[in-house]
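These notes concern the structure reproduced below.
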Amino acid sequence: MNALSKEVAEVTRKTGAPATTLPALEAWVAEVAALTQPDAIHWCDGSDEENEALIAKMLTDGTLLKLNERTHPGSYLHRSHPDDVARVEHLTFVCSRNRDDAGPNNPWMAPDEAHAKMDALFDGCMRGRTMYVIPYCMGPIDSPLARCGVEITDSPYVVANMRIMTRMGAAALARIEREGTERAARGERTDTFVKGLHSTGELDPNRRFIMHFPEALTIKSYGSGYGGNALLGKKCHALRIASWQAREEGWLAEHMLIVGIENPKGETRYIAAAFPSACGKTNLAMLIPPEGYRRDGWKVWTVGDDICWMRPGADGRLYAINPEAGFFGVAPGTSSKSNPNALATIQRNTIFTNVALTADGQPWWEGLDDRVPAFDWRGNAYDSSNGPAAHPNARFTVSARQCPSWTPAAENPQGVPISAIVFGGRRASLVPLVFQARDWRHGVLVGAAMGSETTAAATGQVGVMRRDPMAMKPFCGYNFADYFAHWLSFDRPGMKLPPIFHVNWFRKGADGRFLWPGFGENLRVLEWILDRAEGRAGAVETPIGHLPRADDLNLDGLDLDGAALQTLLTFDRDGWRAEFDSLGAYLDEFGARMPQALKDEHGRVVSALGG
Ligand code: O2Y
Ligand code: MN
């Protein structure tokens with residue numbers, strides 16, 4: 001037993017108090033301990049002292065390296081196993097009782113088989129290790145939209161990251177216990193927190209699985225210590241399990257950033273936007289307005305950069321919270337040009353994973369600046385012939401509150417009202433800069449049609465186009481056909497739904513160069529979107545939706561070639577006919593479960609496109 005665990009055991013012995021007042025939680029922890037056989041059990045309270053002790057332990061055993069305290073106070077580098085550097089979609093399963101409930105969009109395994117497989121891996125896997133019990137809350141601790149979970153892990157790195165990414169510790173445990181006690185008083189089951197069991201195991205890629213049991217609100221993850229595979233509050237809970245719960249309970253758990261746009265009159269409107277992984281969500285969430293906009297008084301506020309939980313309010317509008325408390329952002333490409341707010345955010349109290357190091361112990365990655373690092377992400381002396389210095393999926397974990405554009409609205413327990421929903425993809429051709437769906441039903445089809453070219457965030461090939469409806473392909477915990485039906489169900493009397501838009505920042509010209517400058521200039525498109533939402537800006541109607549004309553956008557001070565603008569705002573009828581043929585074939589893959597309303601909507605656009 002190590003010193004830290006001894007200390008915790010001492011405290012428990014002295015007070016004689018059980019670690020939790022909730023019998024269902026106590027029983028589950030005991031059951032997991034019996035299976036995994038740890039040397040010690042540590043209930044995380046989330047305190048600074050606890051964090052400092054864990055960091056000290058990880059510095060001693062080499063899990064963390066201290067970064068330059070002068071330039072990056074309170075910051076550390078973690079190097080993951082070189083075979084464990086990204087999410088593993090092909091090993092991520094939804095284990096619903098009925099295979100069709102998981103849908104063709106998810107690898108599926110029968111729950112009994114999956115439990116047996118995982119429990120065999122977990123059997124005795126924590127011998128010689130400490131088992132950490134992490135109570136956490138996704139969302140502001142006092143929010144009715146927030147949901148709690150408990151992650152059990154043998155990784156102190158996971159504990160340190162969960163402390164940044166969630167509201168972790170004593171307050172979360174108190175909420176779990178209070179909710180359990182209230183349920184017990186009503187005679188209901190008390191284990192309604194999400195149960196996540198994680199072990200890094202031996203990091204053998206052949207013994208690595210991330211299993212979701214949505215009907216049992218349970219996650220089992222073995223064999224990876226990295227990001228979304230191991231920080232179970234994030235993709236596993238807040239998207240896969242939450243999307244299932246959201247469908248049952250009438251809300252939406254989405255892979256969306258939430259950003260507030262304040263106009264010169266001081267009015268702030270919120271946008272929720274879904275983009276596939278590595279399409280610049282973090283950059284858009286922290287956008288710096290172009291010079292002219294800044295001068296006029298525009299401001300941008302960050303609520304969240306990755307996940308959005310939305311539900312209808314009493315007034316029929318959608319209200320959203322960011323269930324996360326931190327950012328797990330991609331480091332490569334982050335610079336004072338691409339995202340000054342992110343760069344400012346990560347100057348202190350940050351855990352970096354798989355970045356390179358300068359000779360004086362500063363974190364470094366491609367795109368940061370023109371210095372040459374001394375060590376690559378594996379810790380070898382840097383040699384450019386070995387590939388990039390930082391791993392392309394290198395990450396920073398940092399509290400959202402450190403972001404200069406962070407807004408206290410992110411702590412509003414009721415959430416922020418959403419004025420527009422934006423879908424986007426990385427499309428080199430065909431898809432215009434921006435268009436607005438005719439109505440909610442058309443907007444759901446636009447979301448279902450989303451596609452993007454793949455990048456390094458998920459294991460696999462780079463640059464291949466794949467469909468990624470609502471950016472939820474790797475994250476929807478159930479059959480996409482039922483998911484589209486759930487989205488369509490919001491279109492009902494009494495709802496005041498936000499308009500839906502599609503953007504494409506990544507259109508390329510014949511010379512292969514991006515046509516749109518992106519970054520802060522994207523605010524010009526967001527301004528049009530918000531004006532449309534309020535019935536102000538002009539547009540031209542086409543079969544794919546409403547497109548702005550050049551005059552409808554504020555392009556003052558933007559140096560943009562006329563031909564480029566023309567391409568960005570053009571509707572290519574023949575190209576869209578082919579696109580809709582391929583979309584029809586995709587929707588058919590879901591068979592009879594695909595809602596007729598969506599097929600009809602597809603048919604409506606096909607007719608409008610003409611034969
Ligand atoms: O979770 C990971 O392992 C990396 S992928 C990721 C991280 C933060 C936010 N989004 C993503 C994503 O793939 O969408
Ligand atoms: Mn994401």
Side-chain angles (χ1 to χ4, degrees), residues 78 80-81 83-92 138 151 155 157-158 161-162 164-166 196 198 200 203 205 208 210 212 219 221 223-240 242-243 253-258 272-286 302 304-309 322-334 339 342 345-346 350-355 377 390-398 400 423-426 450 452-460 462 466 468-476:
H78 171 70
S80 73
H81 189 284
D83 289 334
D84 184 31
V85 290
R87 291 187 287 103
V88 282
E89 288 178 18
H90 64 296
L91 301 176
T92 299
M138 301 308 295
E151 174 165 357
S155 163
Y157 166 79
V158 165
N161 277 267
M162 285 289 283
I164 297 173
M165 295 303 296
T166 72
H198 166 255
T200 42
L203 296 172
R208 178 174 297 157
I210 296 98
H212 302 74
I219 305 156
S221 166
S224 166
Y226 190 85
N229 301 334
L231 313 179
L232 301 186
K234 192 172 178 59
K235 303 296 189 182
C236 299
H237 177 165
L239 287 175
R240 297 191 192 98
S243 59
E254 299 302 323
H255 190 203
M256 292 179 173
L257 64 92
I258 309 168
F275 294 84
S277 307
C279 279
K281 282 201 1 244
T282 303
N283 293 353
L284 189 64
M286 300 177 189
T302 308
D305 79 329
D306 196 40
I307 302 180
C308 164
W309 287 357
N322 170 14
E324 300 191 283
F327 307 126
F328 186 64
V330 188
T334 304
N339 194 337
T345 308
I346 59 180
T350 303
I351 300 174
F352 293 90
T353 300
N354 294 342
V355 298
W377 64 277
H391 188 277
N393 198 31
R395 297 276 164 171
F396 51 78
T397 318
V398 68
F423 295 123
R426 179 181 282 270
M450 268 173 66
S452 212
E453 290 148 17
T454 53
T455 66
T459 314
V462 173
R466 72 168 187 179
D468 191 356
M470 275 87 160
M472 286 287 278
K473 167 71 185 71
F475 307 121
C476 183

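All ligand and atom numbering here is 1-based and tracks the order in the structure.
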| remark: Within 4.0 Å of some non-hydrogen atom of Gly227, the atoms of ligand 1 are 1 (O), 3 (O)

| query | Which atoms of ligand 1 sit under 4.0 Å from any heavy atom of Asp306? | reply | 9 (C), 10 (N)

| request: Could you please tell me which protein N, O or S atoms lie under 2.8 Å from the Mn ion (ligand 2)? | output: Lys235 NZ, His255 NE2, Asp306 OD1

| query | Does an N or O anywhere in Gly228 fall below 3.5 Å from an N or O of ligand 1? | reply | yes

| task | Kindly indicate, with the supporting measurements, whether the criterion salt bridge (Lys or Arg N to Asp or Glu O under 4.0 Å) is fulfilled by Arg208 and Asp83. | result | CA-CA 11 Å; Arg208 178 174 297 157; Asp83 289 334; over 6 Å; no

| said: Can you name the atoms of ligand 1, numbered from 1 with element, that are less than 4.0 Å from a heavy atom of Lys234? | reply: 7 (C), 8 (C), 9 (C)

| task | Just do the side chain to side chain contact (heavy atoms under 4.5 Å, CB included) check on Glu254 and Met472 with the steps written out, would you? | result | CA-CA 7 Å; Glu254 299 302 323; Met472 286 287 278; 3.9 Å; yes

| said: Looking only at the side chains, is there a donor atom on one of Asn339 and Thr334 sitting less than 3.5 Å from an acceptor on the other? | reply: no

| Short list, please: which atoms of ligand 1 are under 4.0 Å from a heavy atom of Tyr226? | 3 (O)

| query | Going by atom types alone, do Thr353 and Tyr157 pair a side-chain donor with an acceptor below 3.5 Å? | reply | yes

| task | Go through ligand 1 atom by atom and flag the ones less than 4.0 Å from a non-hydrogen atom of Lys235. | result | 6 (C), 9 (C), 10 (N), 11 (C), 12 (C), 14 (O)

| field | Donor-acceptor contact below 3.5 Å, side chain Asp84 vs main chain Gly225 | value | yes

| task | Let me know which of Ile219, Thr166, Val158 forms a side-chain contact (heavy atoms from CB on, under 4.5 Å) with Leu232. | result | Ile219

| said: Quick check for you: to the nearest 0.5 Å, what is the distance between Met138 atom CE and His237 atom NE2? | reply: 6.5 Å

| task | Could you walk me through whether Met256 and Ile307 pass the side chain to side chain contact (heavy atoms under 4.5 Å, CB included) test, one step at a time? | result | CA-CA 5 Å; Met256 292 179 173; Ile307 302 180; over 6 Å; no

| message | Measuring from non-hydrogen atoms of Phe475 to any atom of ligand 1, is the shortest distance under 4.0 Å? | response | yes

| request: List every atom of ligand 1 that sits less than 4.0 Å from any heavy atom of His255, numbering the atoms from 1 in the order shown and giving each element. | output: 14 (O)

| query | Are a donor atom and an acceptor atom from the side chains of Ser221 and Asn229 found within less than 3.5 Å of each other? | reply | no

| said: Do Asp468 and Ser452 pair up side chain to side chain, a donor and an acceptor below 3.5 Å, judged on atom types alone? | reply: no

| Is Ser277 close to ligand 1, meaning an N/O of one under 3.5 Å from an N/O of the other? | yes

